[in-house]
Amino acid sequence: QVQLQESGPGLVKPSQTLSLTCTVSGGSITTNNYYWNWIRQPPGKGLEWVGGIAYNGDTVRPSLKSRTSVSRDTSKNQFTLQLSSVTPEDTAVYYCARWDGGNYYFDSWGQGTQVTVSS
(Lines give C-alpha, C1' and ligand atoms only; values in the text may rest on other atoms or scores of the structure.)
Protein backbone atom coordinates (compact mmCIF):
# COMPACT_ATOMS: atom_id res chain seq x y z
CA GLN A 1 0.00 0.00 0.00
CA VAL A 2 1.43 3.36 -1.00
CA GLN A 3 2.09 5.93 1.71
CA LEU A 4 2.79 9.63 1.34
CA GLN A 5 4.47 11.93 3.83
CA GLU A 6 4.78 15.70 3.58
CA SER A 7 7.75 17.59 4.99
CA GLY A 8 8.81 21.20 5.07
CA PRO A 9 8.80 24.36 7.16
CA GLY A 10 5.74 25.21 9.18
CA LEU A 11 6.36 28.94 9.02
CA VAL A 12 7.30 31.03 6.00
CA LYS A 13 7.69 34.79 5.74
CA PRO A 14 5.72 36.81 3.20
CA SER A 15 7.36 37.17 -0.24
CA GLN A 16 9.52 34.07 0.35
CA THR A 17 9.26 30.78 -1.51
CA LEU A 18 7.51 27.88 0.17
CA SER A 19 9.05 24.48 -0.50
CA LEU A 20 7.40 21.21 0.52
CA THR A 21 8.46 17.66 -0.24
CA CYS A 22 6.33 14.54 -0.42
CA THR A 23 8.14 11.26 0.18
CA VAL A 24 6.41 8.23 -1.29
CA SER A 25 6.83 4.68 -0.05
CA GLY A 26 5.25 1.43 -1.13
CA GLY A 27 5.06 2.45 -4.77
CA SER A 28 7.03 4.30 -7.42
CA ILE A 29 6.19 7.79 -8.61
CA THR A 30 7.00 6.58 -12.14
CA THR A 31 4.29 3.92 -12.16
CA ASN A 32 2.17 4.34 -15.25
CA ASN A 33 -1.09 6.30 -15.03
CA TYR A 34 -0.60 7.79 -11.58
CA TYR A 35 -0.40 11.50 -10.91
CA TRP A 36 1.15 13.10 -7.86
CA ASN A 37 -0.51 16.20 -6.52
CA TRP A 38 -0.46 19.01 -4.02
CA ILE A 39 -3.76 20.06 -2.50
CA ARG A 40 -4.32 22.60 0.23
CA GLN A 41 -7.05 23.67 2.60
CA PRO A 42 -6.98 27.22 3.94
CA PRO A 43 -8.58 27.74 7.33
CA GLY A 44 -12.35 27.70 7.08
CA LYS A 45 -12.31 26.91 3.35
CA GLY A 46 -12.53 23.92 1.07
CA LEU A 47 -9.85 21.91 -0.64
CA GLU A 48 -7.90 23.57 -3.45
CA TRP A 49 -5.75 21.76 -5.99
CA VAL A 50 -2.40 23.50 -6.27
CA GLY A 51 -0.60 21.45 -8.90
CA GLY A 52 0.91 18.09 -9.72
CA ILE A 53 3.29 15.97 -11.70
CA ALA A 54 2.54 12.93 -13.78
CA TYR A 55 4.21 9.52 -13.77
CA ASN A 56 6.12 10.57 -16.91
CA GLY A 57 7.34 13.86 -15.43
CA ASP A 58 4.82 16.17 -17.09
CA THR A 59 3.64 18.89 -14.74
CA VAL A 60 0.09 20.13 -14.42
CA ARG A 61 -1.24 23.15 -12.55
CA PRO A 62 -4.20 25.48 -12.58
CA SER A 63 -3.83 28.24 -15.16
CA LEU A 64 -3.73 30.96 -12.54
CA LYS A 65 -1.04 29.30 -10.47
CA SER A 66 1.98 30.89 -12.15
CA ARG A 67 3.66 30.95 -8.75
CA THR A 68 3.54 27.16 -8.57
CA SER A 69 6.27 24.73 -9.56
CA VAL A 70 6.22 20.97 -9.06
CA SER A 71 9.27 18.79 -9.61
CA ARG A 72 10.41 15.30 -8.71
CA ASP A 73 13.43 13.26 -7.71
CA THR A 74 12.91 9.73 -8.94
CA SER A 75 16.05 8.47 -7.17
CA LYS A 76 14.46 9.43 -3.84
CA ASN A 77 10.87 8.74 -4.89
CA GLN A 78 9.89 12.26 -3.92
CA PHE A 79 8.11 15.18 -5.47
CA THR A 80 8.34 18.79 -4.42
CA LEU A 81 6.14 21.87 -4.46
CA GLN A 82 7.57 25.33 -4.69
CA LEU A 83 5.22 28.28 -4.27
CA SER A 84 6.85 31.66 -4.78
CA SER A 85 6.00 35.11 -3.42
CA VAL A 86 3.79 33.74 -0.67
CA THR A 87 1.27 35.88 1.17
CA PRO A 88 -0.81 35.19 4.29
CA GLU A 89 -3.53 33.90 1.93
CA ASP A 90 -1.28 30.92 1.22
CA THR A 91 -1.63 29.81 4.85
CA ALA A 92 -3.18 26.34 4.75
CA VAL A 93 -2.81 22.67 5.49
CA TYR A 94 -0.96 21.23 2.52
CA TYR A 95 -1.54 17.64 1.44
CA CYS A 96 0.16 15.48 -1.12
CA ALA A 97 -2.08 12.95 -2.80
CA ARG A 98 -2.01 10.37 -5.57
CA TRP A 99 -4.52 10.48 -8.40
CA ASP A 100 -5.41 7.17 -9.99
CA GLY A 101 -5.72 8.00 -13.68
CA GLY A 102 -7.43 4.70 -14.42
CA ASN A 103 -10.16 4.97 -11.83
CA TYR A 104 -10.31 8.77 -11.62
CA TYR A 105 -10.00 9.46 -7.95
CA PHE A 106 -7.46 10.38 -5.28
CA ASP A 107 -6.63 7.01 -3.79
CA SER A 108 -3.89 7.91 -1.31
CA TRP A 109 -3.25 10.96 0.83
CA GLY A 110 -0.57 12.20 3.15
CA GLN A 111 -1.55 13.32 6.63
CA GLY A 112 -1.08 16.98 5.76
CA THR A 113 1.26 19.65 7.05
CA GLN A 114 0.33 23.08 8.38
CA VAL A 115 2.05 26.01 6.69
CA THR A 116 1.63 29.50 8.08
CA VAL A 117 2.75 32.59 6.21
CA SER A 118 3.55 35.33 8.67
CA SER A 119 6.25 37.84 9.42
Side-chain angles (χ1 to χ4, degrees):
Q1 181 176 351
V2 67
Q3 293 184 320
L4 296 84
Q5 178 66 59
E6 306 90 350
S7 60
L11 179 64
V12 184
K13 295 185 185 299
S15 80
Q16 291 186 340
T17 295
L18 164 66
S19 183
L20 295 174
T21 296
C22 183
T23 301
V24 179
S25 58
S28 172
I29 62 172
T30 63
T31 300
N32 193 42
N33 221 17
Y34 285 101
Y35 300 78
W36 306 89
N37 299 275
W38 288 99
I39 296 164
R40 70 183 185 182
Q41 185 167 28
K45 298 184 179 180
L47 294 171
E48 177 186 20
W49 177 57
V50 179
I53 190 164
Y55 59 95
N56 61 0
D58 289 343
T59 56
V60 289
R61 65 185 186 192
S63 59
L64 297 179
K65 293 293 185 182
S66 60
R67 299 186 293 123
T68 302
S69 174
V70 183
S71 60
R72 68 178 186 172
D73 185 336
T74 57
S75 68
K76 296 180 180 179
N77 216 35
Q78 296 175 333
F79 63 104
T80 298
L81 168 70
Q82 290 197 310
L83 184 63
S84 62
S85 303
V86 297
T87 72
E89 286 67 42
D90 293 309
T91 294
V93 178
Y94 285 76
Y95 300 91
C96 54
R98 186 177 78 168
W99 174 264
D100 180 340
N103 294 296
Y104 305 104
Y105 75 113
F106 290 105
D107 66 353
S108 300
W109 291 74
Q111 64 182 21
T113 187
Q114 173 70 47
V115 175
T116 301
V117 179
S118 175
S119 56

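All figures in this text were calculated on a predicted structure; none of them were measured in a lab.
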Working to the nearest 0.5 Å, report the span between CG of N37 and CZ of F79.
7.0 Å
Quick one: pull up OH in Y104 and CH2 in W99 and give me the separation to the nearest 0.5 Å.
9.0 Å
Under the criterion side-chain contact (heavy atoms from CB on, under 4.5 Å), I'd like the reasoning laid out for L11 against S118: C-alpha separation, chi angles, the key distance, then a yes or no.
CA-CA 7 Å; L11 179 64; S118 175; 4.1 Å; yes
Can you list everything that forms a salt bridge (charged side-chain N to carboxylate O under 4.0 Å, His left out) with D107? Sequence neighbours excluded, please.
R98
Can you get from V60 to I39 by hopping between Ile, Leu, Val, Met, Phe, Trp and Tyr side chains that sit under 4.5 Å apart?
yes
Looking only at heavy atoms, which two atoms of A92 and P43 are closest? And how far apart?
CA-CD, 4.4 Å
To the nearest 0.5 Å, how far apart are CG in L4 and OG in S108?
6.0 Å
Check residues 80-89 and write down every donor-acceptor pair under 3.5 Å in which the side-chain atom is one partner and the other belongs to a residue at least two apart or another chain.
from: T80; atom 1: OG1; to: T21; atom 2: OG1; distance (Å): 3.3
from: S84; atom 1: OG; to: R67; atom 2: O; distance (Å): 3.4
from: T87; atom 1: OG1; to: E89; atom 2: N; distance (Å): 3.2
from: T87; atom 1: OG1; to: E89; atom 2: OE1; distance (Å): 2.9

Would you name the heavy atoms of G110 and Y95 that are closest together and state the gap between them?
O-CD2, 3.7 Å
Minimum heavy-atom distance S119-P14, with the two atoms named
N-CD, 3.6 Å
If only atom types and distance count, is the side chain of N77 paired as donor or acceptor with the main-chain N or O of I29 below 3.5 Å?
yes
Interatomic distance, E6 atom CD to Q111 atom CD [nearest 0.5 angstrom]:
6.5 Å
Is it true that V2 and Y34 fall in one hydrophobic cluster, defined by side-chain heavy atoms closer than 4.5 Å?
yes
For residues F106 and L47: do they belong to one hydrophobic cluster (side chain heavy atoms under 4.5 Å, members Ile, Leu, Val, Met, Phe, Trp, Tyr)?
yes
Rounded distance (nearest 0.5 Å) linking atom CZ of R40 with atom SG of C96
15.5 Å
Residue pair W38 / T68, side-chain heavy-atom distance below 4.5 Å:
no
Answer yes or no: is there a donor N or O on one side and an acceptor on the other, between the side chain of Q78 and the main chain of T23, under 3.5 Å?
no
If only atom types and distance count, is the side chain of Q41 paired as donor or acceptor with the main-chain N or O of V93 below 3.5 Å?
no
Answer yes or no: is there a donor N or O on one side and an acceptor on the other, between the side chain of N103 and the main chain of Y105, under 3.5 Å?
no
N56 side, atom CG; N33 side, atom CG - distance, nearest 0.5 Å
10.0 Å
Tell me whether the count of non-hydrogen atoms from other residues, nucleotides or ligands lying under 6.0 Å of CD in Q3 goes above 12.
no
Angle class for the Y55/Y35 ring planes (parallel below 30°, perpendicular above 60°, tilted otherwise)?
perpendicular
Using the rule given for side-chain contact (heavy atoms from CB on, under 4.5 Å), can you reason through L18 versus D90, listing the C-alpha separation, both sets of side-chain angles and the distance that settles it, and then say yes or no?
CA-CA 9 Å; L18 164 66; D90 293 309; 5.9 Å; no
